[in-house]
Amino acid sequence: MTEFKTIELVIEDAIATLIINQPKSLNALTTEVLSEIGQAIEEVENNLDIRALIITGAGEKSFVAGANIVEMKDKNALEGEIFGRLGNEVFYKLSTLRQPTIAAVNGFALGGGCELAMACDIRLASENALFGQPEVGLGITPGFGGTQRLARLVGPGIAKELIYSARNVKAAEAKEIGLVNRVVALEELLPEAKKLAEKIAKQAPLAVEKAKEMINKGLDLPLAAGIDVEVQGFGLLFSTEDQKAGMTAFVNKEKATFNRK
């Protein structure tokens, strides 16, 4: 496994946990941090034993406080575009990762941190979590997918309000508008994320992966085309050993064991 400088990748049984480990900078995203997140995502993708990925930040104050402003402030237009492209490439790789992903948001999730959380499938937040896209107050816009994913998650009206005004939202409001799935006490955040990841990991992995693929594809398609994607994927899974094992176990009132075949 790769040795990382700015992040940690911990693998226990079928669950991987990626920790952004730069607490002194509130886990801000630099070029190096983004690059290492990208490398870790590739390692998870290629490890067939991993069935879910949790992403969190080191410490209790911050998930990711945003992109590193010191690194960004002197960039010209081309350099800014290159940086934005890097962030988007990494977050798109995360959003299309084969395995389901859970953001365990502890504290600040601002700018790039909010965008990182939104690139995950599921978001759990601690009670002290704070979400926002404050970029317009710095003379820029969200650049790592924020203008696209936020509108898809909470609707264009709320997304425009939050982005135009640079207003941050606390965890309770984030849940109310659909930005997070669940809010828990800080000490319960990682245990809850791991409990959910373990529940996902017990299901038939090929079916879970196909469900993620169907949902992601369907979001960008008209309903009829999305249903066609679903029907094709549904049928394809009947050629897998996991389908035979799952349905046979159900009929026999037994517990199924899945081997990703």
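From a predicted model like this one, the values you see are computed outputs, not experimental measurements. Heavy atoms only: backbone and side chains are in, while hydrogens, waters and symmetry mates are out.
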J.: Applying side chain to side chain contact (heavy atoms under 4.5 Å, CB included), run through Val208 and Ile200 and close with a yes or a no.
T.: CA-CA 8 Å; Val208 172; Ile200 291 169; 4.1 Å; yes

J.: Can you name the nearest heavy-atom pair linking Val105 to Ala117, along with the distance?
T.: CG2-CB, 4.0 Å

J.: Would you say Ile19 ends up clustered with Leu53 if hydrophobic residues are merged whenever their side chains have heavy atoms under 4.5 Å apart, either directly or through other cluster members?
T.: no

J.: Distance-only, no hydrogens or angles: does the Asn47 side chain make a donor-acceptor pair with backbone N or O of Glu43 under 3.5 Å?
T.: no

J.: Report the C-alpha distance between Glu32 and Gln22 in whole Å, list the side-chain angles of each, state the deciding distance to 0.1 Å, and finish with yes or no for side chain to side chain contact (heavy atoms under 4.5 Å, CB included).
T.: CA-CA 11 Å; Glu32 183 178 28; Gln22 299 286 283; over 6 Å; no

J.: Establish, from distance only, whether the side-chain atoms of Thr30 and Asn68 form a donor-acceptor pair under 3.5 Å.
T.: no

J.: Does Glu213 come within less than 4.0 Å of Lys210, counting only side-chain N to carboxylate O?
T.: yes

J.: Could you tell me if the side chain of Leu150 sits less than 4.5 Å from the side chain of Leu179, heavy atoms only?
T.: yes

J.: For Lys199 and Gln203, work out which heavy atoms get closest and say how close.
T.: O-NE2, 2.9 Å

J.: Judged by atom type as modelled, is there a donor-acceptor pair below 3.5 Å linking the side chain of Asn88 to the main-chain atoms of Gly145?
T.: yes

J.: Check whether any side-chain N or O of Thr248 sits under 3.5 Å from a backbone N or O of Ala245 as a donor-acceptor pair, and report yes or no.
T.: no

J.: When you check the gap from the basic side-chain N to the acidic O, do Glu198 and Lys195 get nearer than 4.0 Å?
T.: no

J.: Once you round to the nearest 0.5 Å, how far does CG of Leu94 lie from CD1 of Ile37?
T.: 8.5 Å

J.: Indicate yes or no for a side-chain donor-acceptor contact from Asn259 to the backbone of Asp242 under 3.5 Å, with no hydrogens or angles considered.
T.: no

J.: Give me the atom names and distance for the closest heavy-atom approach of Lys255 to Ala249.
T.: C-CB, 4.0 Å

J.: Show the nearest heavy-atom pair for residues Pro134 and Gly111, with the distance to one decimal.
T.: CD-N, 3.5 Å

J.: With rounding to the nearest 0.5 Å, note down the distance linking CZ in Phe63 to CG in Leu189.
T.: 9.5 Å

J.: Are the side chains of Pro100 and Ile122 in touch, meaning some heavy atoms are under 4.5 Å apart?
T.: no

J.: Return yes when atom NZ of Lys217 has more than 12 non-hydrogen atoms of other residues, nucleotides or ligands closer than 6.0 Å, and no otherwise.
T.: no

J.: Do the non-hydrogen side-chain atoms of Leu196 and Asn181 ever get within less than 4.5 Å of each other?
T.: no

J.: Look only at the side chain of Glu115 and the backbone of Phe144, and say whether a donor-acceptor pair between them is shorter than 3.5 Å.
T.: yes

J.: Do the non-hydrogen side-chain atoms of Val184 and Leu124 ever get within less than 4.5 Å of each other?
T.: no

J.: Is a side-chain donor or acceptor of Asn216 paired with a backbone partner of Thr96 at a separation under 3.5 angstrom?
T.: no

J.: To the nearest 0.5 Å, what is the distance between CG (Leu78) and CZ (Phe83)?
T.: 14.0 Å

J.: Could you go through Glu127 and Leu186, starting from their C-alpha distance and side-chain angles, then the distance that decides it, and tell me whether this counts as side chain to side chain contact (heavy atoms under 4.5 Å, CB included)?
T.: CA-CA 6 Å; Glu127 291 170 337; Leu186 180 61; over 6 Å; no

J.: Do Thr6 and Glu36 have side-chain N/O donor and acceptor atoms under 3.5 Å apart?
T.: yes

J.: Check whether Gln133 reaches the backbone of Gly146 with its side chain - one donor and one acceptor, N or O, closer than 3.5 Å.
T.: no

J.: Start with the C-alpha distance between Arg85 and Glu81, add both sets of side-chain angles, then the distance that settles salt bridge (charged side-chain N to carboxylate O under 4.0 Å, His left out), and finish with yes or no.
T.: CA-CA 6 Å; Arg85 208 168 285 283; Glu81 183 179 340; 2.8 Å; yes

J.: Can you confirm whether Phe131 is buried at CZ, in the sense that more than 12 heavy atoms of other residues, nucleotides or ligands lie under 6.0 Å from that atom?
T.: yes

J.: To the nearest 0.5 Å, how far apart are OG1 in Thr257 and CD in Glu241?
T.: 12.5 Å

J.: Using modelled atom types only, decide if a donor and an acceptor are shared between the side chain of Asn106 and the backbone of Ser126 within a distance under 3.5 Å.
T.: no

J.: Looking at Glu60, I'd like to know if its CD atom is crowded, meaning that more than 12 non-hydrogen atoms belonging to other residues, nucleotides or ligands lie closer than 6.0 Å.
T.: no

J.: Evaluate Ile55 against Thr101 for side chain to side chain contact (heavy atoms under 4.5 Å, CB included), listing each step before the verdict.
T.: CA-CA 7 Å; Ile55 296 184; Thr101 55; 5.6 Å; no

J.: Mark yes when over 12 heavy atoms from residues, nucleotides or ligands other than Lys75 sit less than 6.0 Å from its NZ; otherwise mark no.
T.: yes

J.: Compare every heavy atom of Ala159 with every heavy atom of Val154, then report the nearest pair and how far apart it is.
T.: CG2-N, 3.8 Å

J.: How many angstroms lie between atom CG of Asn27 and atom CG of Leu116, to the nearest 0.5 angstrom?
T.: 10.5 Å

J.: Say you draw a straight line from CZ of Arg98 to CD of Glu209; how long is it, rounded to the nearest 0.5 Å?
T.: 4.5 Å

J.: Any side-chain heavy-atom pair from Leu153 and Met118 closer than 4.5 angstrom?
T.: yes

J.: Would a hydrophobic clustering, with Ile, Leu, Val, Met, Phe, Trp and Tyr connected at side-chain separations under 4.5 Å, put Ile102 with Leu9?
T.: no

J.: If every non-hydrogen atom of Ala104 is compared with every non-hydrogen atom of Ala193, which pair is closest and at what distance?
T.: CB-CB, 4.1 Å

J.: Between the side chain of Lys212 and the main-chain N/O of Leu97, is any donor-acceptor distance below 3.5 Å?
T.: yes

J.: Please confirm whether the backbone N or O of Phe238 pairs with a side-chain atom of Lys244, one donor and one acceptor, at under 3.5 Å?
T.: yes

